[in-house]
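Accompanying notes for the structure given below.
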2 protein chains.
Amino acid sequence: MRDTRAELLSQAETLVRGRGYAGFSYADLAEAVGIRKASIHHHFPTKVDLGAALVAAYAARYDAALVTIRAAVPDGPGRIASYGQLYLGGVEQGLGCLCAALAIEGEALPERLRGDVATFFEGHLAWLEAVLREGQVDGSVRSGPEPAVLARYVIATLEGALLMERLFANPAAFSGTLAVLVDGLRPQTR
Amino acid sequence: MRDTRAELLSQAETLVRGRGYAGFSYADLAEAVGIRKASIHHHFPTKVDLGAALVAAYAARYDAALVTIRAAVPDGPGRIASYGQLYLGGVEQGLGCLCAALAIEGEALPERLRGDVATFFEGHLAWLEAVLREGQVDGSVRSGPEPAVLARYVIATLEGALLMERLFANPAAFSGTLAVLVDGLRPQTR
DNA sequence: TATTACCTACCATTAAGTAGGTAGATCTTT
DNA sequence: AAAGATCTACCTACTTAATGGTAGGTAATA
């Protein structure tokens, strides 16, 4: 059995992450999957439905990774480093963040998708905030700034680095930025 | 006299920064400026021509600001803070970075524009690198990481913060991230 | 017998871009 | 200075291709 729906989601994700939401069409997707354009509507009646499914699947994958990281890595900076590694894959494949691609379209983006994207980021912010707070408590993360502030700073840096280093096809530079970011989160004793 | 060309550039910039390059059309622009669609082609024969003019004008405005900052602010962190303030305007107006909007479209973006966008970022990276190097020399910026690495980290953080905080319409959060960023650049003595 | 998963054929709309024209400003030549 | 020529900045009307989406059908499966 070939799971057409999954294939559609996979190819659509690649298209959106590579060219933006407005920048891909059902025709592109049909060609990528090897199915007729109209058949896509059977699985995803409208483009917004597809977009929402894309965000849901993307968020679910991230959520699983976040749980794993928290279980597998004990300290704050290590967890943030692992979180940053999740973005690195995008740089290596030349794909940006799905939600960044959607977010950039701002006012033109269907309301529903804008909400989904905001929810995605809010989830990450909540996870980061918890991780950073724990790190401050156990002493692995520098105290001072509020965890909520640090969380926004972390996600901004990684989203920005992904945007930049995908353009320059420079995974090493991404890793450099990640290292500076993580290092800056440790308690300062130099 | 009304400078139609300038008006076209201004409105087009707002459109691209608000909805992406693929997300706006000559029809949208015509309506925004109060001119017929075909007349736009008189000023900008193709959409790529318009896009390139947009990037050129945007880059020129930034370049002027960079020169001013370097002349008016003496220390490294102060200069980076001023640089970050340039992005804040976008958050407040609900507009993203023009070049980020273009960059996100990646492979779908006409070759020429991709080159122009890369040049834009390279110029900023060069400026940041020089500023950070000077800061390390005069002791206002922490030593350790290479200026080139720090430059990429700075621009990534600001581009990412603009992306995020525009979505959340949260200029205060942008300022929070900027503060963490700038603070982290100072020589650490806590 | 429904339902699923696909198909062909179509639709209305919108996209970027072109053709060709007009009114007014400006430059050139006598 | 007048006459003609050219240029600028816009227009209406159009083309071609692509967009998201629909209608309705078919073959296999549950």
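Because the structure is predicted, anything quoted here is derived from the model rather than measured.
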Apply side chain to side chain contact (heavy atoms under 4.5 Å, CB included) to B:Ala100 and list each qualifying residue two or more places apart in sequence or on a separate chain. A:Ile104, A:Leu163, B:Cys97, B:Glu159
What residues, two or more places apart in sequence or in another chain, satisfy side chain to side chain contact (heavy atoms under 4.5 Å, CB included) together with A:His41? A:Tyr26
Can you list everything that forms a side chain to side chain contact (heavy atoms under 4.5 Å, CB included) with B:Leu185? Sequence neighbours excluded, please. B:Ile80, B:Leu132, B:Leu150, B:Tyr153, B:Val154
In 5'-to-3' order, the base (B), backbone-only (S) or no-contact (-) status of each nucleotide in nucleotides 17-24 of chain D, using a 4.0 angstrom heavy-atom cut-off, is --SBBB--
A:Asp3 CG - C:dA5 C1' separation (whole Å): 12 Å
Indicate yes or no for a side-chain donor-acceptor contact from A:Ser10 to the backbone of A:Ala6 under 3.5 Å, with no hydrogens or angles considered. no
Please give, in whole Å, the distance from D:dC10 C1' to B:Arg5 CZ? 16 Å
Between NE2 of A:His42 and C1' of D:dA27 the distance, given in whole Å, is 13 Å
Residue set satisfying side chain to side chain contact (heavy atoms under 4.5 Å, CB included) with B:Asn170, at least two apart, ordered chain then number -> A:Arg152, B:Glu165, B:Phe168, B:Ala172, B:Ala173
For residues 9-18 of chain B, the salt bridge (charged side-chain N to carboxylate O under 4.0 Å, His left out) pairs (sequence neighbours left out) are B:Glu13-B:Arg17, B:Glu13-B:Arg61
Output the rounded distance in Å from CZ (B:Arg36) to C1' (C:dA23). 17 Å
A:Ser39 side chain N/O closer than 4.0 Å to the phosphate oxygens (OP1, OP2) of C:dC7? yes
